[in-house]
Amino acid sequence: MSIKKRSKKAGLAPGTLIHMGRAKSGATRIDLVEYDESHLEARPVKSIEQCLVKKPLPTVTWVNVDGLADLEVLRHFGSCYGIHPLVLEDILATDQRPKAADYGEYLYVVLKMITLDAESGELRSEQVSLVLGQNYLISFQEGLEGDVFEQVRSRLNNEQARLRAMGPDFLLHALLDVIVDHYFLVLEQLADSIEDIEDELIGNPTPATVQSIYQLKRQMLFLHKALWPLREVASGLQRRDSQLIRDTTVIYLRDLYDHTVQVLDTLETLREMLSGMLDIYLSSVSNRLNEVMKVLTIIATIFMPLSFLVGLYGMNFKYMPELEWHYGYFMVLLLSALIGGGMLFYFKKRRWI
């Protein structure tokens, strides 16, 4: 998980395509899906010209570009679909803040697709850029292994699915919805980790426990930066006055907005829990130290009168009547035991121990 800042090359005009962030790694793979209510065709394409043909209505074309290594591919898409060079530059810059922009003939939406590595526990973030046109949608991914769109592909294979009968704006909603729903899964996995740390706090907290808490706090901060602007994106899409978004899709975008708010509420709850857990850890360490100090103080307090007794009889006076007693030594031991036992009884009665 990393956040890289965007840099500008000196002397380059705005809209000049250069590699930024992680866009320079990985090969470019293009998958094409064309569908309507009665027909669906899905295939990978090897030639860029195969996916640059604008199909007539009502056919919907979904082009998924996985990998941003080939700048020529982006230039072809830009020239064919009329995508502004600044938008292409934003697609390449993989540190974009989630946003939505209306360019008249198309909408541009960018957000983060986040997954959690089960082995390392690290968050993996991949920028997804979506360009929505009249009868097409183009999705650009960075090229990391895997995505969360398999559910959408399965729905497209079902002839009875509502997605097959709707336009590309509903496909945009479906892709956004599956990304937002996957946030719930990530947060659920992080919540499980938080519960494990809570058990450690109650049982036996260690310095490794507080390190785990700080790691989770960093992950929550990253998620907050990635998800908070998405609320504005979802709100803007449902209120956007664009011919590309039909009235029948607006209600689903409202549901997407509700899901986004729920994700943010869950995220804030987990952040508050982590802050409270850190306070619990510090209190637990302080309480353990207090317990140790209490035990040591009780031991020292009990031995104070005993030290006085043995110190008194250790003085080298000639006339000490107790020195001549036959049972004097045993009487001193008994007195010491009575004093120690009496102090322990008093401490327990006052509930100091």
Side-chain angles (χ1 to χ4, degrees), residues 1-7 20-23 25 90-91 93-100 109-130 141-142 144-148 176-202 205-236 256-285:
M1 177 185 67
S2 62
I3 304 175
K4 300 181 179 179
K5 294 186 177 181
R6 180 176 178 176
S7 60
M20 292 184 178
R22 293 177 295 185
S25 62
D90 287 343
I91 293 173
T94 57
D95 58 351
Q96 291 293 313
R97 184 177 184 267
K99 62 181 180 180
V109 180
V110 60
L111 71 166
K112 301 294 183 182
M113 180 169 57
I114 299 176
T115 57
L116 183 65
D117 192 316
E119 295 182 358
S120 63
E122 293 292 332
L123 292 176
R124 298 172 67 249
S125 173
E126 182 176 7
Q127 178 170 295
V128 177
S129 301
L130 304 171
Q141 302 182 43
E142 291 185 44
L144 301 183
E145 183 179 358
D147 60 30
V148 298
L176 294 177
D177 187 60
V178 74
I179 291 176
V180 172
D181 286 346
H182 198 75
Y183 293 155
F184 284 108
L185 178 60
V186 172
L187 291 177
E188 182 179 354
Q189 293 172 329
L190 292 177
D192 292 339
S193 300
I194 292 176
E195 291 181 0
D196 294 338
I197 295 178
E198 282 182 332
D199 295 337
E200 292 183 15
L201 285 177
I202 297 175
T206 63
T209 304
V210 72
Q211 291 180 3
S212 299
I213 294 176
Y214 278 119
Q215 181 183 4
L216 284 172
K217 285 179 68 69
R218 288 193 298 269
Q219 291 177 332
M220 292 298 173
L221 178 61
F222 176 80
L223 285 173
H224 183 269
K225 292 181 178 179
L227 299 184
W228 184 256
L230 189 59
R231 179 179 182 178
E232 180 182 350
V233 173
S235 176
L256 174 68
Y257 175 77
D258 293 339
H259 288 182
T260 304
V261 173
Q262 292 177 15
V263 168
L264 290 173
D265 289 343
T266 304
L267 177 62
E268 291 302 317
T269 300
L270 294 180
R271 292 183 68 189
E272 292 177 1
M273 289 178 60
L274 284 173
S275 298
M277 288 169 60
L278 187 59
D279 294 337
I280 292 175
Y281 172 80
L282 296 176
S283 299
S284 177
V285 172

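Shortest non-hydrogen contact noted between Ile114 and His182 is O-CD2, 3.1 Å. Nearest heavy atom pair, residue Phe184 against residue His259, reads CZ-O, 3.6 Å. Closest approach of Pro98 and Pro229 over heavy atoms only: O-CB, 3.6 Å. Looking at every heavy atom in both residues, Ala234 comes nearest to Tyr257 through CB-CA, 3.8 Å. Contact between Leu144 and Glu126 at its shortest, heavy atoms only, is N-OE2, 3.4 Å. Contact detail for Gln127 and Ile91: the closest heavy-atom pair is NE2-O, 3.7 Å.
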Working note: Thr260 + Arg231, criterion side-chain hydrogen bond (donor to acceptor under 3.5 Å, both in side chains); need CA distance, chi angles, decisive distance, verdict.
CA-CA 6 Å; Thr260 304; Arg231 179 179 182 178; over 6 Å; no
Walk me through whether Leu216 and Gln219 qualify under side-chain contact (heavy atoms from CB on, under 4.5 Å).
CA-CA 5 Å; Leu216 284 172; Gln219 291 177 332; 3.3 Å; yes
Mind running side-chain contact (heavy atoms from CB on, under 4.5 Å) on His224 and Leu267 for me, showing each step along the way?
CA-CA 7 Å; His224 183 269; Leu267 177 62; 4.0 Å; yes
Test Leu111 against Val233 for side-chain contact (heavy atoms from CB on, under 4.5 Å), laying out the working first.
CA-CA 9 Å; Leu111 71 166; Val233 173; over 6 Å; no
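The structure places CD of Gln215 at 8.5 Å from OG of Ser193, a figure rounded to the nearest 0.5 Å.
Under the salt bridge (Lys or Arg N to Asp or Glu O under 4.0 Å) criterion, Asp177 pairs with no residue, sequence neighbours left out.
Using a 4.5 Å heavy-atom threshold, the side chains of Arg97 and Glu232 count as touching. Within the 4.5 Å cutoff, the side chain of Leu190 has no heavy atoms near those of the Glu195 side chain. Within the 4.5 Å cutoff, side-chain heavy atoms of Tyr183 are placed close to those of Leu230.
Residue-environment remark: CD (Glu200) exceeds the threshold of 12 foreign heavy atoms within 6.0 Å.
Sorted by first and then second residue, the salt bridge (Lys or Arg N to Asp or Glu O under 4.0 Å) pairs with a member in residues 181-193 form an empty list; sequence neighbours excluded.
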